[in-house]
Protein chains: 2
Amino acid sequence: MARRTKAEAEETRRGLLDAAERIFHAKGVATTSLEEIAAEAGVTRGAVYWHFANKADLFMALFDDAPLIHDDLLAPLALSEHPDPLALVEELAIGALTLLAGDARRQRIYTILTLCEYRDEFGVVLQRTLETMDRAHAQFASAFAEADRRGILAPSWPHGTAAAAFQWLLHGLIVDWLKFGRRFDLVERGSSVIRAQFQAYRHRCVPAGIPVLAPA
Amino acid sequence: MARRTKAEAEETRRGLLDAAERIFHAKGVATTSLEEIAAEAGVTRGAVYWHFANKADLFMALFDDAPLIHDDLLAPLALSEHPDPLALVEELAIGALTLLAGDARRQRIYTILTLCEYRDEFGVVLQRTLETMDRAHAQFASAFAEADRRGILAPSWPHGTAAAAFQWLLHGLIVDWLKFGRRFDLVERGSSVIRAQFQAYRHRCVPAGIPVLAPA
DNA sequence: TCCGATACATTCACGATTGTATGTATTTTT
DNA sequence: AAAAATACATACAATCGTGAATGTATCGGA
């Protein structure tokens, strides 16, 4: 083989990233060799070492332009000025689940991200994940704080606590779904739990059988 | 070296398991060689291959008698006949967090279990994890169902939904804590979120500012 | 059109691990 | 007390993956 066009070179680079994504997801990052990735992409290891320094570099390049779940959630949240922040976050969360459920690439990326062993050079990705999570938490906490100011959030939920509960719930749900082979309907089960959770966040909850406003 | 007593042999076996636990936790399962484990235990690879068939066998033996979080939670739940199942689960969850926070071995085991790549021969552990999670869910769901029958659970929480939310919340919390280097106080933050969550599960929640029983 | 840079393929040298085979000093058994 | 099994250590062969070095056909620019 010989030199290709810049466009063709970019194709093989993309092909390598796609191949890595599929194989990393199928059999784990640690056990995959660059030879396998090259073969899956229809090239040799020479191409891999041309485009990437090594496996860690290829691994990190995977996430440079990959769609992350928290970004799906946070981008609309940041700019929006909704009258009911709780309803907004609720809808955004369900939207993110729907998006994830229908996008195999997002599923693979997020599975690799949450299920691989972050050590040594790979630790950079862990660091970036942590920063994303922290940004997400700040955003959520601010939304819940705004809901609190507007009297929508139940008094039993400090906004930081509510945000943490929401984030852990969402993450636990997604990890469960991805890790154990998507054995339940993500959108259906996820939605029902999220709906119930946000109903619990609101403070217009009424004890059953007892009239709120007894006749004077 | 030569043959040791049965008791001494059992000691070296334990030593190998302990060494593997520490090194797996420190630098990941995939990147650790049997040589490193043997060295950490003060023996050679010969001892490793005498006691275990290979790395996968050693890996699985790690979890055969290891303390799992769900077992900490479930064992007391199964036999107990508490008048308030919600309070019981709440206390057990906080107790499990406290136990985990004070037990480095549990932390290592659970970190390895949740952060390693389950592939090939290691998949058996994933399968067993899944079964444990399912058993846990059944137990929780039954406790929430009992709470529902006794009128303790809020009507907005179907017991299956409540159980799922609790489990995902708890798992998300623990994974966050372990994965990102225990950067917050597990018991303190975890307790406050769990307390708030269980307060939301109960249906004796009252809208603020409105008297429940207005004077007739 | 010619030349240097590019985009790979091919080859090679090396270390790291693995599994096994063998050696051997004890321990246990008989 | 001799024999057999045990609990390792040591030595060895074979594989696998990496990284770098080298080859080379083509592309883009002067």
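Just so it is clear, the model here is predicted, and its values are computed rather than measured. Each chain gets a letter, A, B and so on, in the order its sequence line appears, and its residues count up from 1.
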Could you state the [atom1]-[atom2] distance from [X] to [N], rounded to the nearest angstrom?
X       : N      : atom1 : atom2 : result
B:Lys6  : D:dA7  : NZ    : P     : 7 Å
B:Asp57 : C:dT20 : CG    : P     : 13 Å
A:Glu8  : D:dC27 : CD    : P     : 8 Å
B:Leu58 : C:dT17 : CG    : C1'   : 15 Å
B:Glu10 : D:dC8  : CD    : P     : 10 Å

| query | Is the distance between the ring centroids of A:Phe184 and B:Trp168 under 6.0 Å? | reply |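 Distance test on ring centres: under 6.0 Å, yes.
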| query | Considering residues at least two apart in sequence or located in another chain, which fulfil the side chain to side chain contact (heavy atoms under 4.5 Å, CB included) criterion with B:Ala66? | reply |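 B:Ala66 satisfies side chain to side chain contact (heavy atoms under 4.5 Å, CB included) with B:Ile109 only.
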| query | Mind checking what makes side chain to side chain contact (heavy atoms under 4.5 Å, CB included) contact with A:Glu146, not counting sequence neighbours? | reply |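 With neighbours one apart ignored, the set is A:Pro85, A:Arg149, A:Arg150.
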List, one per line, each side-chain donor-acceptor pair under 3.5 Å for residues 46-55 of chain B, sequence neighbours excluded.
{"from": "B:His51", "atom 1": "NE2", "to": "B:Thr12", "atom 2": "OG1", "distance (Å)": "3.3"}
{"from": "B:Asn54", "atom 1": "OD1", "to": "B:Ala56", "atom 2": "N", "distance (Å)": "3.3"}
{"from": "B:Asn54", "atom 1": "OD1", "to": "B:Asp57", "atom 2": "N", "distance (Å)": "3.0"}
{"from": "B:Lys55", "atom 1": "NZ", "to": "B:Val29", "atom 2": "O", "distance (Å)": "2.9"}
{"from": "B:Lys55", "atom 1": "NZ", "to": "B:Ala30", "atom 2": "O", "distance (Å)": "3.3"}
{"from": "B:Lys55", "atom 1": "NZ", "to": "B:Thr32", "atom 2": "O", "distance (Å)": "2.8"}

| query | Do any pairs count as a salt bridge (Lys or Arg N to Asp or Glu O under 4.0 Å) and have a residue in residues 28-53 of chain A, sequence neighbours left out, and if so which ones? | reply |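 Qualifying pairs: A:Arg22-A:Glu40, A:Lys27-A:Glu36.
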| task | Go through C:dT28, D:dT18, C:dG19 for me and flag the one nearest to the A:Lys55 side chain. | result |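 Between C:dT28, D:dT18, C:dG19, the one nearest the side chain of A:Lys55 would be D:dT18.
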| message | The criterion is ring-ring contact (aromatic ring centres under 6.0 Å, His included); which residues satisfy it with A:Phe180, sequence neighbours excluded? | response |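 For A:Phe180 there are no ring-ring contact (aromatic ring centres under 6.0 Å, His included) partners, ignoring immediate neighbours.
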| query | For DNA chain D, what residues of residues 26-52 of chain B have any heavy atom nearer than 4.0 Å? | reply |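 By residue number: B:Val43, B:Thr44, B:Gly46, B:Ala47, B:Trp50, B:His51.
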